[in-house]
Amino acid sequence: MTQRPMSGVRVLEIAEMTFVPAAAGILAEWGADVIKIEHPVRGDAQRALQHIGPHPMPEFNIYMAHANRGKRSIGVDIATPDGLEVVRDLVRSADVFMTNFLPAVRQRLQIDVEDLRVVNPDLIYARGSAFGDRGPNRERGGYDQSIFWCMAGSAANLMKANADDVPPMPAQAFGDSISALALAAGVAAALVGRTTRESHEVDASLLSVGAWVNAVSIVKTSRDAIPKQSGALQALVGNYSTSDGRRLAVVDVGLWDPEDAFHQLGINRAFDGVQDSNRADRDVIATEIARRSFSEWKVLLNKEYGPVVALNDALDVVQDEQFRVNHLLSSLVDAKGIARSVIPSPVKFDETPAAGSPPPAWTEHTFEILRELGRDEDEIVKLSIAGSVS
Amino acid sequence: MEPQRDRVRSGPLVGMRVIELADDAVVSATGRVLADWGAQVDSIGRVDDSCRNSRADRQHFDRGKRGMRLDLTRDAGRAVFERMLCVADVILVNPATFPDAAEVLDVTRTRVTNPGLVYGRGTPLGVLGPRAMQARTDSDVFWIESGNCESMTPEGSREAVLMPSPGYGLAVAALALAGGVAAALFSRNVDGKGSVVDVSLLSAGAWAAAIRLNLALTIGATFGVSSYRPSGSQSGNPLYGPYKTADGRWITLTMLQPGRHWPDLCALMGREDLITDRRFASVDSLLLHGGEAGDVLAVEFRSRSFAEWFELLEKAEGTWAPVRTVDEVAGDVDLRASEYVIEIPNGAGNSEIVVNSPVQFDGVAPALGQIPDPRLDTPLILKELGYTEYEVSDLRARDLVS
């Protein structure tokens, strides 16, 4: 491979929010020509978001930049006959069509698989949904917080009996971003199979992906319970403050023993394991951890791994050497000419860092794309005046 | 529904031959996805194969593959491996886990015998940098190191919030690597050239947390724990977040258009008075008094059972979902109807749950795959490579394969 793997593939997207746009965005980063068909008046609803959870949105729209880098945007009113004709023209030249619209809406707008298959029999039709396309709830929508996180078991797995709250996802669009990987991967596989067999419809749902990530605990429900750890480490589990007020945690995951925690922290003292001494052992650890700063501990813990972990916050993650060396940041210049860094898709090809492109401005490429379709200036002006494109 | 060792495969990757060196959990999880998509996946373990995952992990991630144990510490074992590489489309490997195979796996070398071979490298922390060789878990890297743990662990809380399920980060990284491998196969089918595809638990964890990390990169600062509403604030959308029912269950509302969904929900609850209540009468006012509206809703939720809320919310315009345990997920009607979750007899008169990978092609679930059994699979694999009956016996007699 000398260029990006999806070079030469054209993808059409009629979708909003994060799940399906991010799937198409991954394919754009992998080299596909992705055309984002947006509502001619309001555009993708994400353009209007004012907040990221509780935080005010910076001038650089984080959601748009996450899900839409490297695409082109065309404004089309697909509910008008002329607008639909533009979509059908685009479908003729496309390899893949991706949507999160619900079945009834797709049918009403005549962009369902049967409608577009007539125009282009080889088209790969990819649906990202909340509940999947084959079950009783196929007509229902939903978000990652509700379907991926709460309904598919992640939230409850983190809750103790009689919990007084339900934990939210660890990051905004966490479930959407993970589900986007599934859909993008499915489209790539369908492209492999397209020449030799029928693999023309691709489905992924927030529910199916939410179940997949919890699969090990789901399959265990019908057989053995999750194996209990030895328990010796339990007495030390908890969060401890560093000298600068940051946190290290002792976690009981894996096959570590209390001695491993002591060893990792450089404590030259045997763990005696007697119940009464737990308090003392905790104090020894707390005192030791409080002797150094978070960044000093990170250097040490990066060498000696074990049950003691540094609770990295978002800035720690993006400043980490391992992170930087492996090109897990992508640089781009936004519409205002300002240099930005963002997290690229998690896949590298031939050790080449992802090429960074900004997300398109709303309807930025309408005229360019219409001209590529062979529409002349008169036609384009007529479509604009009629409101079929913008 | 007995799994077939020589089952008829379906899916877009039928005809693709994948070898996985099974000592890495990301690699093993990726193999499961590719097997679900129709590829023939042969999983190679060490002859001394004592360090594998727990039984449930193995049952889950190894389903649909064939298994083979091969001694890569000896030349004759490496010769078998080399022969496999010549006819493979994909090799899945964590370069750190099979040092014995490093020379055979060298890309410049395999390019000569098999220029189209796709290298899928799954690692904990990437292939570059000072910590590339560390054997870290998904809990460690995908969850904690990528910041997903810190964002769930409030200031002053005693314990770190751990990854929701074993294998959670593996499952995410597997989707990424399977997708990257598929993209590389697509590209290879165009130009004949294989490529190297890298995914790590770190890259997968960062992608899952991307909105949070991108915000940190943009504003140059970090921020508090993840929350439904500004913490300690009395404003925000009351229709976004969890509510507890009379019988102690939870329902999460995700109604993002409060102007539309508040009157709808109030009418369904029989609380029309709340629609015209001055505090909640306009969208701006409702958001400003989001805390109070949330308190009112919390009281309402505690006055009806989970089942009653289900019935009531079925008529609501906005979206919502129950908080469910994995036992309930196993019986979900949509997952069952779509065969993302199936139940199979396990021979002992009981049944077991199988969770399939989360993408389907043409509305068809993958054929149920077998659990690898090196005793049965090894001779099959060797015969496909052209080894005679005699040669297979000889390799076994010398403990090179088993």
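Quick note on labels: first sequence line is chain A, next is B, and so on, each numbered from 1.
Neither the backbone nor the side chain of Leu27(A) comes within less than 4.5 Å of any heavy atom in chain B. Proximity to chain B is absent for every atom of Asp316(A), based on heavy atoms less than 4.5 angstrom apart. Looking at His51(A), there are no atoms closer than 4.5 Å to chain B (heavy atoms on both sides), in backbone or side chain. Both the backbone and the side chain of Arg131(B) have a heavy atom closer than 4.5 Å to some heavy atom of chain A. If you measure heavy-atom distances from Ala310(A) to chain B, the contacts under 4.5 Å come from the backbone alone. Looking at Thr254(B), the atoms closer than 4.5 Å to chain A (heavy atoms on both sides) sit in the backbone and in the side chain alike. Contacts of Thr319(B) with chain A are made by side-chain atoms alone, with heavy-atom separations under 4.5 Å and no backbone atom involved. If you measure heavy-atom distances from Val9(A) to chain B, the contacts under 4.5 Å come from the side chain alone. For chain B, the nearby parts of Gln172(A) are the backbone and the side chain; heavy atoms of each come within less than 4.5 Å. Looking at Val161(B), the atoms closer than 4.5 Å to chain A (heavy atoms on both sides) all sit in the side chain, from C-beta outward. Neither the backbone nor the side chain of Ala173(B) comes within less than 4.5 Å of any heavy atom of chain A. The parts of Gln134(B) that come within reach of chain A are both its backbone and its side chain, each placing non-hydrogen atoms under 4.5 angstrom from that chain. Contact annotation for Leu125(B): both backbone and side-chain heavy atoms come within less than 4.5 Å of a heavy atom of chain A. Met169(A) touches chain B through its backbone: at least one of N, CA, C or O sits under 4.5 Å from a heavy atom, while the side chain does not. The contact between Ala163(A) and chain B is made entirely by backbone atoms, counting heavy-atom distances below 4.5 Å. Phe323(A) touches chain B through backbone and side chain together, each having a heavy atom under 4.5 Å away. Heavy atoms of Met16(B) lying under 4.5 Å from chain A belong exclusively to its side chain. No part of Ile338(A) comes within reach of chain B, as not one of its non-hydrogen atoms sits under 4.5 angstrom from that chain. Contact annotation for Val309(A): only side-chain heavy atoms (C-beta onward) come within less than 4.5 Å of a heavy atom of chain B. Of the two parts of Val237(A), the backbone and the side chain both hold a non-hydrogen atom closer than 4.5 Å to a non-hydrogen atom of chain B. With a threshold of 4.5 angstrom between heavy atoms, Pro136(A) approaches chain B through its backbone and through its side chain. In this structure, chain B has a heavy atom under 4.5 Å from the side chain of Leu158(A), while its backbone stays farther away. Heavy atoms closer than 4.5 Å to chain A are found nowhere in Asn350(B), neither backbone nor side chain.
Note on ring orientation: taking the six-membered ring where Trp is involved, the planes of Phe361(B) and Trp37(B) are perpendicular (angle over 60°, cut-offs 30° and 60°). Ring-plane geometry between Trp207(B) and His66(A) is classed as tilted, the angle between the planes lying from 30 to 60 degrees on a 0 to 90 degree scale.
A donor-acceptor distance shorter than 3.5 angstrom exists from the side chain of Thr218(B) to the backbone of Asn214(B), with no hydrogens or angles considered.
When the candidates Val323(B), Thr252(B), Leu34(B) are compared by the number of heavy-atom contacts under 4.5 Å with chain A, Val323(B) comes out ahead. Ranking Ala171(B), Ser200(B), Ala337(B), Ala210(B) against chain A, the residue ahead of the rest is Ala171(B), based on heavy-atom pairs under 4.5 Å. Note: Arg158(B) leads Arg158(B), Lys244(B), Arg336(B), Arg212(B) in heavy-atom pairs under 4.5 Å with chain A. Each of Tyr168(B), Tyr340(B), Tyr119(B) has some count of heavy-atom pairs under 4.5 Å with chain A, and the biggest count is that of Tyr168(B). No other option in Val14(B), Asn189(B), Asp332(B) has as many heavy-atom pairs under 4.5 Å with chain A as Val14(B). Of the listed residues (Val118(B), Val329(B), Val181(B), Leu128(B)), the one with the most heavy-atom contacts under 4.5 Å to chain A is Leu128(B).
Annotation for Cys149(B) and Ala160(B): closest pair SG-CB, 3.7 Å, computed over non-hydrogen atoms.
There is no side-chain donor-acceptor pair under 3.5 Å between Asp133(A) and Ser338(B). Counting only N and O atoms by type, the side chains of Ser345(A) and Trp30(A) include a donor and acceptor under 3.5 Å apart.
Salt bridge status for Glu201(A) with Arg194(A): absent, with no side-chain N to carboxylate O gap under 4.0 Å.
Surrounding CD of Gln319(A) are more than 12 heavy atoms belonging to other residues, nucleotides or ligands, all under 6.0 Å away. Counted within 6.0 Å of CD on Glu59(A), heavy atoms from surrounding residues, nucleotides or ligands total 12 or fewer; the atom is thus considered open.
Shown are Lys298(A), Arg246(A), Arg247(A); of these, the salt bridge (Lys or Arg N to Asp or Glu O under 4.0 Å) with Asp313(A) is made only by Arg246(A).
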Review point. Can Asp89(B) and Arg188(B) be said to form a salt bridge (charged side-chain N to carboxylate O under 4.0 Å, His left out), step by step?
Key: CA-CA 10 Å; Asp89(B) 298 282; Arg188(B) 183 209 61 178; 2.8 Å; yes
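With rounding to the nearest 0.5 angstrom, the CD1 atom of Ile211(B) is 5.5 Å from the OG1 atom of Thr18(A).
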